[in-house]
Amino acid sequence: MRLINEDIRAMKYHFNEIEAKWQQYWAENQTFRAENHSEKPKYYVLDMFPYPSGAGLHVGHPLGYIASDIYARYKRHKGFNVLHPMGYDSFGLPAEQYAIQTGQHPAITTQANIKRYREQLDKIGFSFDWSREVRTSDPNYYKWTQWIFIQLFESWYCTEHNSALPISELVKIFETFGNKTVNAICDETVEPFTAEEWNALSWKEQQEILLKYRLTYLAETEVNWCPALGTVLANDEIVNGVSERGGHPVVRKKMTQWSMRITAYAQRLLDGLDTIDWPQPLKDSQTNWIGRSEGAHVEFFVKDTEDKIAVFTTRPDTIFGVSFMTLAPEHELVAKITTPEQKEAVEAYVEATSKRSERERMADVKTISGVFTGAYAEHPFTKEPIPIWIGDYVLASYGTGAVMAVPCGDQRDYDFAKHYNIEIPNIFEGVDISEEAFADKENTIIANSDFINGLNYKEATTKVIEKLEAIGQGKGKINYRLRDAVFSRQRYWGEPFPVYYVDGVPKMIEAKHLPIQLPEVEKYLPTETGEPPLGNATVWAWDTENNIVVENDKIDHKTIFPLELNTMPGWAGSSYYFNRYMDADNQEAFVSKEAVDYWQDVDLYIGGSEHATGHLLYARFWQQFLFDRGFLPVEEFAKKLINQGMILGTSSYVHIIEPRFIDPEDGATTGSYEFHALIGENLVDFYKQNVRKFRDYFGGTEETQERVLRGFAENELEYFNLLVNSFKSIAKKYGYELPTNDIFPVRRVSMNIEYVENQKLKESSAKDALRFTRTQNIIFDGNNELTLSPEVEKMSKSKYNVVNPDDICEDYGADTLRMYEMFLGPLEQAKPWNTAGITGVHSFLKKLWKLYIDDNGVRFDDSEPTKDNLKTLHKTIKKVEEDIENFSFNTSVSTFMICTNELTAQKCTSKAILEPLAILISPYAPHIAEELWQQLGHSESIATANFPTFEEKHLVESSKEYPISFNGKMRFKLELPLDMSKEDIEAAVMAHEKTQAQLQGRTPKKVIVVPGKIVNVVG
RNA sequence: GCUCGAGUGGUGGAAUUGGUAGACACGUUGGACUUAAAAUCCAAUGGCCUGAAAGGCCGUGCGGGUUCAAGUCCCGCCUCGAGUACCA
């Protein structure tokens, strides 16, 4: 009896056992290990490696991994040698913040998180080649990050060769010719010098000049300083004027920092986009970020001085319309040129501007402000005096930090001129500028402009640039918005620089002594003197005799020198990891020539679009640089890129509707406000602090209370009522104090427009309401209603809306998870996670299993497949193959469902059908496929079985069920032979009784017959 | 403001070059099996008209257009989402 039960048990689809079995098999047999040489063609499928956060994976993370895994497995079936690696971007802020709080070394936290990630990833059954795993925080890895940094330091960019070249070549040129013949991208402060002058310079002076040419350099630059994080941030790490991580304010500050001369590659980064198959929106945002604009560099003399104000303009044709100039308040000439009468006003303005944060400046773009310096510039052609103003609408960080203001042709200049009553000369023919500026350059005819009268934009621009060059006051110029990337971070948990300082000059440690490992520190905070955390290390000096790191107190500035205290930013390690995977264990090079010649580049890269202007730009930059220096064979690292959409979570919000909003200004009752507060961490804290108050009024068990508060209440009336009542009761008993920002994290405030009587409020949008409430006090009178509602947004631990893939694997299995994530919708599209439909996919897999094995054991046999069987199979092969090639994974899931339903209905038992079907489905549901494959009698893994070949002949039909439409509307269907002639089809249709019923005796005007497709009767 | 993307049943979403709109799945309703539940299976399911069927009308954000035929192409709008923002 017992035996029989177990036999029946074995016949059922036990996904947990099957999945564990095959995951173990793959690991033990290294099924997915890729070799660096093979007879087969290569294919490289890459995922963006994750930062191993403490929260673990949620169901959103694997979406892209599943898609790439399907593609990788498919390519293996298609006979490719597939490289499909995975690793960890394991340097980063959270581990360091945790270290600061607990003293736990970030390496330990990181190690633990990686372990958890690995367990979670393994459960989903990915076909990664783990033998090539990389971790950016591993010294064996960051050795090569440091090595690449040295290469950048030892290179300069030659605009003649349009390539990076070794710095030694530049030195040779300097020694023989000086720098006058050099076409290089360098710091703008470089002065011309001769060979004699160069050779006469001291070593230190020479080094200071070379630094201005190197592709990574140390310079005092204005950086984004984030006081809360205690570090500088790159432009792409700032979102809406606050830090991307944590949302802390950011201020501009001058600091000496390492930078990467990415601007040298601006044009090539732009041009390269045309050669790669990346999503258009992503290309657009890179193009935008690089921000190329063509125009002219123009120099204006400050009247009666030798000082020049340089401006960049895209409209040199409007130069005769200049009626003032505006400098950024930070512009270096401001103090120098300001007249004594204006000094006080100018200084006050500069002071006021510097106090405002970036965010504030961004927030009120509409306010016009500025001050006259009292100084005048001289028009390069007319020699007329032009008043010089300062204004914060001019940004120090773009162009030259100064503009030639042409109010008739630029709306900002126009507004500024109107506001300060500055003259607005009209230099356009037949255009009215009394209301606004005329900025349409395509329809421009220049007037009142001396030698360019009557010309259009293009002609005038050319002529003006010619003239400017002739008088030496300008030239044509292409300007980029892209800035050099700040490369220093004042953090502990990052790559240390292989740099020490001799007499204040940075020197590289020789590559053979790498890696320079992170030192131990007592605490992970900045030092008391404000130095980065590495300043706390006691063993952090470089001994140039023994080439080792030694104690700081041995520093003698003769043979032992201080080491760099900054660390590298997060994007350093991720800018070349895809090359490292090709040869992950190589101790001699970051990748060997043989390995990279074989693998070349990434064929398919899948990851999120949020890296558009960060990682994906920096990685292209490093790739191009390493290509220039001969270390890599291709200029672009990824041929094709797909952005997977985010899987969103459902958060629960509590809404507090306040019907009587009292405006503190006029005491008027103006309407109703709705507070949308996330039920999450803070509320849980509030609950814990006030636990007794809650207990008194809260029904239910402690567990249900937790549940409510943790946001699982979604539409459940029971919990909803509990919450409402408890809040109401508490409010009453304790003299009413409704939780405000301190307790409820108010995420959004919007108005319920219906109740708004005040016209001013009616017109304002929800956004305005937010601003409004920030500046006013909201007075509650205690009659609030609470409602709960779900809202879809990004999954995040802090929002209590995270769904863990482990739970899904436990309940339904990895194969179900994989197929369900694909079934949710198109890969690129964002979609909310909703487990409602998962049973459909799961029962499909059960049906599939039953097609092979039912309660009586295996069903398949060697019977000949029927015509219908073959038709179903080959229809499926065709569709699935097309879908995978088009990355349309959602539709192939439904194709599998149709196939299984059809074969079940056909009672198919033929191995000749079921074997290829197992291969077809194995990229999607590899565990069940392996198990069925084994049951079918195979001893080898299904992973490299050949993908079934589609045969057209099985789909050939002899007849077609024609849709017969009347005036384009389908009315009935008619089965007709496919080889029937047009005339015969028409005759057959016209003879049909339903046609006669449709026509009701009328004669059709026309009958359209598209053989094999459709018949349309027009009448 | 600018750039890009998207609007299709109760829901997620299908629909190859213009050619049967709503595949597949969820949900809902009814039924079978069961003491019951779960699981499983069967049937119906865009809206409207009709007692039901037959049949008809309407239907892919809105308004036009091209075409024998439009979710798909063209013109003009609306709404939502994403990115970006005083870029001279």
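Throughout, protein chains are lettered first and strands after them, A, B, ... in sequence-line order, and every chain is numbered starting at 1.
Within 4.0 Å of A/Asn1016, counting heavy atoms only, lies at least one base atom of the nucleic acid. Residue A/Val1018 is classed as a sugar-phosphate contact, given heavy-atom separations below 4.0 Å to backbone atoms only.
Both distances falling under 3.5 Å, in either a Watson-Crick or a G-U wobble arrangement, place B/G27 opposite B/U45. Pairing for B/C68 is with B/G19, a Watson-Crick or G-U wobble pair whose two hydrogen-bonding atom distances lie under 3.5 Å. The partner of B/C77, taking Watson-Crick or G-U wobble pairs whose two distances both stay under 3.5 Å, is B/G61. B/A36 is unpaired under the criterion used here, namely a Watson-Crick or G-U wobble arrangement in which both key atom distances are under 3.5 Å. Shown here, B/A54 forms no base pair; nothing in the strands shown gives a Watson-Crick or G-U wobble contact with both key distances under 3.5 Å. Using Watson-Crick or G-U wobble geometry with both donor-acceptor distances under 3.5 Å, B/A88 finds no partner in any strand shown.
Protein atom CZ of A/Arg292 is 20 Å distant from nucleotide atom C1' of B/U84, rounded to whole Å. A straight line from CG of A/Asn967 to P of B/A70 spans 10 Å, rounded to a whole angstrom. One can place NZ of A/Lys283 at 20 Å from P of B/U3, the figure rounded to the nearest angstrom. For the pair A/Trp849 CH2 and B/U40 P, the computed distance is 17 Å after rounding to whole Å. For the pair A/Arg481 CZ and B/U3 C1', the computed distance is 12 Å after rounding to whole Å. Straight-line distance from the CG atom of A/Leu955 to the C1' atom of B/U16: 15 Å, rounded to whole Å. Here B/G12 presents its P atom at 13 Å from NZ of A/Lys831, a figure rounded to the nearest Å. Taking atom CD1 of A/Ile290 as the reference point, atom C1' of B/G83 lies 16 Å away to the nearest angstrom.
Residue A/Ser293 places at least one side-chain N or O closer than 4.0 Å to OP1 or OP2 of B/A88. For A/Gln829 and B/G13, the shortest distance from a side-chain N or O to OP1 or OP2 is below 4.0 Å. In terms of phosphate contacts, A/Lys1006 brings a side-chain nitrogen or oxygen within less than 4.0 Å of OP1 or OP2 of B/C68.
Distances from the side chain of A/Pro826 to the nucleotides B/G13, B/C87, B/C57 place B/G13 closest. In the set B/A88, B/C4, B/U16, the nucleotide with an atom closest to the side chain of A/Val403 is B/A88.
The structure places CG of A/Leu482 at 11.5 Å from OG1 of A/Thr287, a figure rounded to the nearest 0.5 Å. The CE atom of A/Met819 lies 12.5 Å from the CG atom of A/Leu824; values are rounded to the nearest 0.5 Å. Taking SG of A/Cys899 as the reference point, atom CD1 of A/Ile921 lies at 8.0 Å (rounded to 0.5 Å).
Distance check on atom P: B/G47 versus B/A23 gives 13 Å, rounded to whole Å. Separation of the C1' atoms belonging to B/C58 and B/G22 is 15 Å when rounded to the nearest angstrom. Taking atom P in both B/G19 and B/U72, one finds a spacing of 11 Å when rounded to whole Å. For the C1' atom pair drawn from B/A15 and B/G64, the interatomic distance equals 25 Å after rounding to whole Å. If you take atom C1' in B/G51 and the same atom in B/U40, they sit 36 Å apart, rounded to whole Å. Between B/G12 and B/C78, the two C1' atoms lie 25 Å apart (nearest whole Å). Taking atom P on both B/C62 and B/U45, the two are 25 Å apart, rounded to the nearest angstrom. Distance noted for atom C1' between B/G65 and B/A70: 11 Å (whole Å).
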Protein-to-nucleotide contact annotation, 5' to 3' order, nucleotides 20-34 of chain B [B base; S sugar-phosphate only; - none; under 4.0 Å, heavy atom]: B--BBSS--------
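Salt bridge A/Lys878/A/Glu882: present, at least one basic N to carboxylate O contact under 4.0 Å. In summary, A/Glu902 and A/Lys871 do not engage in a salt bridge, as defined by a charged side-chain N under 4.0 Å from a carboxylate O. Look at A/Glu975 and A/Lys973 and you find no salt bridge, because none of the NZ, NE, NH1 or NH2 atoms lies under 4.0 Å from a carboxylate O.
For B/G81, the base adopts the anti conformation, since its glycosidic angle falls more than 90 degrees from zero.
Side-chain atoms of A/Asp392 do not come within 3.5 Å of backbone N or O of A/Ala328 as any donor-acceptor pair.
Applying the salt bridge (Lys or Arg N to Asp or Glu O under 4.0 Å) definition to pairs two or more places apart or across chains, none involves residues 834-850 of chain A.
Between A/Tyr820 and A/Tyr812, the ring center distance fails the sub-6.0 Å criterion.
Mapped onto RNA chain B by nearest heavy atom, A/Ile1008 and A/Thr400 fall at different nucleotides, with A/Ile1008 at the one closer to the 5' end. Where A/Ser285 and A/Ser888 meet RNA chain B, the nucleotide closest to each residue was compared, and A/Ser888 sits on the side nearer the 5' end.
The number of heavy atoms from other shown groups lying within 6.0 Å of CD (A/Glu332) does not exceed 12.
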